[in-house]
Structures are given as structure tokens and as C-alpha cells.
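First the structure, in the form of C-alpha cells, and then the observations on it.
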Protein chains: 2
Amino acid sequence: MIRLLIADDHPVVRAGLRALFATEPDLHVVGEAATGENAVEQSRTGVDIVLMDLQFGGGMQGAEATRRIREAPGAPHVLVLTNYDTDADILGAVEAGASGYLLKDAPPVELIAAVRSAASGESALAPAVAGRLEARQNSANEALTSREAEVLGLVADGRSNRDIARTLFLSEATVKSHLVHIFTKLQVSSRTAAVASARERGYIRPA
Amino acid sequence: MIRLLIADDHPVVRAGLRALFATEPDLHVVGEAATGENAVEQSRTGVDIVLMDLQFGGGMQGAEATRRIREAPGAPHVLVLTNYDTDADILGAVEAGASGYLLKDAPPVELIAAVRSAASGESALAPAVAGRLEARQNSANEALTSREAEVLGLVADGRSNRDIARTLFLSEATVKSHLVHIFTKLQVSSRTAAVASARERGYIRPA
DNA sequence: GACGGCATCCATCGATAGTTCGAGGTGCCG
DNA sequence: CGGCACCTCGAACTATCGATGGATGCCGTC
């Protein structure tokens with residue numbers, strides 16, 4: 001018997017997961033949480049698996065909640081279930097101690113299988129997700145330095161090179177220099193393409 | 001008796017909606033569609049309300065599907081049910097002929113109420129959404145034309161003016177002209193700033 | 001039908017961004 | 001200490017962008 005805790009701020013999604021697991025005799029949904037804080041609390045009450053959404057309307061986010069849940073001794077496994085497969089999200093979740101990462105549009109069969117493997121201690125990464133993680137490892141050399149990320153962040157806000165230079169107390173030449181490195185690492189050739197690429201890869205917050 | 005068609009590419013969400021409406025004796029889910037195309041087909045089979053997601057994994061998107069559904073004589077009402085409340089999405093859905101616009105994190109009660117009002121021909125906009133629409137009307141002077149939005153979308157993907165020109169079969173000069181109008185309306189002075197501003201205002205998809 | 005308003009289209013020219021070299025300074029690590 | 005990675009800057013050059021100004025056609029109004 002596997003006891004499940006569902007943590008998602010969407011009532012509809014919670015109902016869907018509940019309905020889905022109702023068809024499996026050995027899976028029992030023993031709790032629902034609509035916030036990250038609530039999920040952490042309920043995870044202490046004797047559950048085997050936490051199904052965790054990464055996005056919550058407000059307050060603690062899924063990654064942080066996952067970290068807190070995993071801190072406790074004998075903590076349940078956390079299976080992250082989210083909409084997006086951006087690298088930043090995935091990496092954040094895995095670093096926080098998630099045993100698996102699934103997308104919400106995954107077929108039910110896959111979802112149920114993932115719960116069972118997580119319960120037996122195995123890692124369960126959706127194939128598409130696993131591929132991305134691997135790709136990221138292979139191209140880890142193209143990670144931006146903190147200074148480059150800082151510059152890129154300002155570029156994403158629509159600031160000009162001169163403007164960025166003044167903000168960071170640099171010469172315009174230095175800003176351009178950083179940009180050249182950014183372009184190379186992201187394999188693009190303009191600032192707007194760099195921003196687009198960075199968004200895709202999850203280097204920049206979506207909104 | 002109200003017959004419902006659920007159109008969403010997430011199995012979990014479909015199950016959740018089904019479970020949710022199962023508690024209401026007068027609401028009957030008579031079909032599910034996982035694609036926009038499928039939703040259009042099934043809408044002809046005698047349903048009263050279509051619950052439509054805007055985002056689909058591939059193929060026809062929700063707005064286009066809504067438009068096609070509403071084209072038919074005696075077409076069912078379409079209730080858009082989505083994750084985001086960006087202006088672009090809302091306006092697109094309403095223009096396509098949606099009777100209502102709800103967010104997926106809305107409480108079930110609100111959702112069920114919306115279905116009933118839509119069935120009786122009323123318009124059902126979530127309060128938060130209605131506010132945004134009104135705000136948009138007030139500042140309607142800065143609304144982008146469809147051509148401008150098209151250009152801006154390509155700019156946000158990091159494409160160059162020449163590239164955009166070729167894609168839209170225009171001269172580069174025309175693309176620049178559209179950009180000038182976009183800049184004026186958004187009160188910015190560079191393409192990256194335009195993209196940043198458009199994101200803030202919800203003219204562009206978050207991810 | 002003359003009119004203004006608007007969306008779409010185009011061309012020229014100064015301003016900005018990006019390239020390509022160069023180089024000096026720092027801090028870290030084996 | 002000698003590499004190495006990172007941050008910093010300059011200067012000259014080219015490509016692209018953005019500003020300015022003008023053209024067309026469509027639509028609704030009076």
C-alpha cells in the first residue's frame with residue numbers, strides 16, 4: 001500500500017490526480033495541500049510519496065518545499081509534477097532532492113508507474129526530461145558566469161549597452177566583451193536572440 | 001441537463017474536470033478531446049458547452065479551435081479555461097468567440113457557476129480577468145495591430161529584421177516601420193525593450 | 001465624394017550594436 | 001610559481017538597427 005500526498009494549488013489538478021489514482025487499489029491519496037507550507041506540514045504525517053507541483057500561487061514554491069520535506073529523517077520521496085521542462089526548473093528540483101520529474105501532460109500510465117518506482121526508491125525521470133538533463137551536463141561548459149548573467153539580465157530588461165555600462169560602473173567596451181562571450185556560449189549572434197535562448201534554457205525567469 | 005465537452009491536452013486536467021462535474025447531477029461530460037482538431041469535430045455532436053484550454057501540445061491551438069467551433073450554426077458556447085491571464089490570451093479568446101474566460105486555479109464552485117451561466121447564454125468572466133479587459137479597453141490606443149504583433153513575436157524569438165522580412169515577405173524597411181509603431185505604442189526605443197515591455201503587459205507568451 | 005484616420009508599405013541616413021584584434025589586472029589552484 | 005579563468009578596457013571597423021519622412025490603399029463619416 002502506497003500513501004500519497006498531493007501538493008498542487010489547482011483544485012482541478014488535485015481532483016484529476018485523485019480520480020486517476022482511485023483506479024489503482026494499492027495507491028491511496030491520504031492528503032491534499034494547496035500551498036507549499038501546507039505540503040511540508042502534511043509530509044510529516046506518514047506518507048510514502050509526495051506529488052509536488054513546482055508553481056504555487058503565492059508563498060513557498062515547490063522546490064523550496066521539496067527541500068524542507070527531504071530534510072526530515074525518514075522523509076517521503078518527492079515526485080515533481082509540473083507543466084514546464086525548462087532546465088532551471090528541472091535542475092532546481094533535482095538539487096532539492098526530488099526522486100523524479102514528470103510533466104503534467106504525461107500519460108496516466110507513465111505517471112502511475114513513476115509513483116510505484118519512486119515508492120521502491122528508484123529515480124523516475126520522464127524520458128524527455130532525462131535527455132535534457134544529460135544534454136545540460138554535456139554542455140556544462142557553456143554555463144554563464146555570474147557577471148555575464150548579470151549583464152544578460154539587464155539586456156533582457158531592454159537596456160542599452162551604454163546604460164548597462166553606467167549601471168554596473170563599466171566601460172561600454174566591457175559590456176560588449178561580456179556580450180561576445182554570452183553570444184558564443186549561447187550560440188547566437190544578437191542580444192535579442194540571446195535573451196530568447198536564455199529564456200528557453202531557463203537562465204532567465206519566464207515572466 | 002447540460003452536456004459538456006472537455007478539450008485539454010492534459011489527461012490529469014481532464015480527469016479532474018470530469019470528477020468535479022460528476023458531483024453535479026445536471027452536468028454531464030459527454031466527450032473529451034486532447035487536441036484542438038478533435039475538439040472541433042466533437043463539438044458538432046450535440047454538446048451545450050465546450051470547456052477549452054488555450055494551450056495544446058501541438059497542432060491547432062485553443063483560440064483557433066474556438067473560432068472554428070463558433071463558426072457553425074447553433075454552435076455550443078465555449079468557456080476558455082487556462083493557466084495564464086495575459087492580455088493577449090484573453091483578448092484572443094474573446095475575439096474568437098469565447099463566452100467566458102476562467103483560470104485553472106479558480107475554485108470549483110466558481111467554475112461550476114460559470115458553466116451554468118454560459119449554458120444560459122450569459123458571459124462569464126472571472127473577476128480578475130474582467131478587470132484586465134477593462135484596463136485594456138481604457139488604454140486601447142496602445143493596442144498592437146495583428147501585423148505588429150506578428151512582427152513583435154518574431155523579434156522576441158531573436159530574429160533579425162532581414163530575417164523577419166524574408167519570413168513575412170516584406171522589405172526590411174517595412175519591418176522597421178512596424179517596429180517604430182510598436183516602439184511608440186509601447187513607449188520604448190529598442191527591440192529588446194519592446195520585448196521586455198510586451199512580456200510585462202502579456203502581449204507575448206511567457207515561456 | 002472629399003475628408004481624416006489608420007494600417008500597411010518603402011527609402012535614406014545617423015546611431016547603436018557587434019566584430020576583431022589587442023592587452024593588463026586579479027584571484028585561484030596544483 | 002606558472003597556468004588558468006574571469007573581469008576589465010581600448011580602438012578601429014562593419015553590420016544592423018532605429019529615426020525621419022513619405023507613399024499607398026482601405027474604411028467610416030459627414
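Please read all numbers here as calculations on a predicted model, not as lab measurements. To find a chain, count down the sequence lines: A is the first, B the second, and so on, and within it residues start at 1.
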Inset, instruction - May I ask you to evaluate whether A/R147 reaches the phosphate of D/dA5, defined as a side-chain N or O under 4.0 Å from OP1 or OP2? - result: no
Inset, instruction - Using atom NE2 of B/H181 as one end and atom P of C/dC9 as the other, report the distance to the nearest whole Å. - result: 11 Å
Inset, instruction - Round to a whole Å and report the spacing from CG of B/L186 to P of D/dG18. - result: 13 Å
Inset, instruction - Answer yes when B/D8 and B/K104 have at least one side-chain N-carboxylate O distance shorter than 4.0 Å, and no when they do not. - result: yes
Inset, instruction - For residues B/R44 and B/A72, report the shortest heavy-atom separation together with the two atoms involved. - result: NH1-CB, 3.2 Å
Legend entry - N or O in side chain of B/N161 less than 4.0 angstrom from D/dC17 OP1/OP2: yes
Inset, instruction - Mind calculating the distance between NZ (A/K176) and C1' (D/dT14) to the nearest angstrom? - result: 11 Å
Inset, instruction - Kindly indicate whether the side chain of A/L154, heavy atoms from C-beta on, has any atom under 4.5 Å from the side chain of A/L168. - result: yes
Inset, instruction - In whole angstrom, give the distance that lies between atom CZ of B/F169 and atom P of C/dC10. - result: 13 Å
Inset, instruction - Applying side-chain contact (heavy atoms from CB on, under 4.5 Å), run through B/L102 and B/V80 and close with a yes or a no. - result: CA-CA 6 Å; B/L102 294 165; B/V80 167; over 6 Å; no
Inset, instruction - Select from B/H178 and A/S190 the residue whose nearest nucleotide in DNA chain C is closer to the 5' end of that strand. - result: B/H178
Inset, instruction - Please state how far atom CD in A/E172 lies from atom P in D/dC9, giving the value in whole angstrom units. - result: 12 Å
Inset, instruction - Round to the nearest Å and state the distance from B/I164 atom CD1 to D/dG18 atom C1'. - result: 13 Å
Legend entry - side-chain N/O B/S189 vs D/dG18 OP1/OP2, d < 4.0 Å: no
Legend entry - Residues A/D48 and A/R3 bridged, charged N to O under 4.0 Å: yes
Inset, instruction - Among the candidates D/dG18, C/dC10, D/dC9, find the nucleotide nearest to the side-chain atoms of B/L170. - result: C/dC10
Legend entry - Under 4.0 angstrom between A/R162 side-chain N/O and C/dA17 OP1 or OP2: no
Inset, instruction - Please report, rounded to the nearest Å, how far the P atom of C/dA17 is from the CZ atom of A/R159. - result: 12 Å
Inset, instruction - Could you check which of D/dG18, C/dA7, C/dC10 has an atom nearest any side-chain atom of B/F183? - result: D/dG18
Inset, instruction - Please state how far atom CG in B/L179 lies from atom C1' in C/dC10, giving the value in whole angstrom units. - result: 14 Å
Legend entry - Donor-acceptor pair under 3.5 Å, B/S171 side chain vs C/dC10 base: no
Inset, instruction - Report yes if a side-chain nitrogen or oxygen of B/T174 is closer than 4.0 Å to either non-bridging phosphate oxygen (OP1 or OP2) of C/dT8; otherwise report no. - result: no
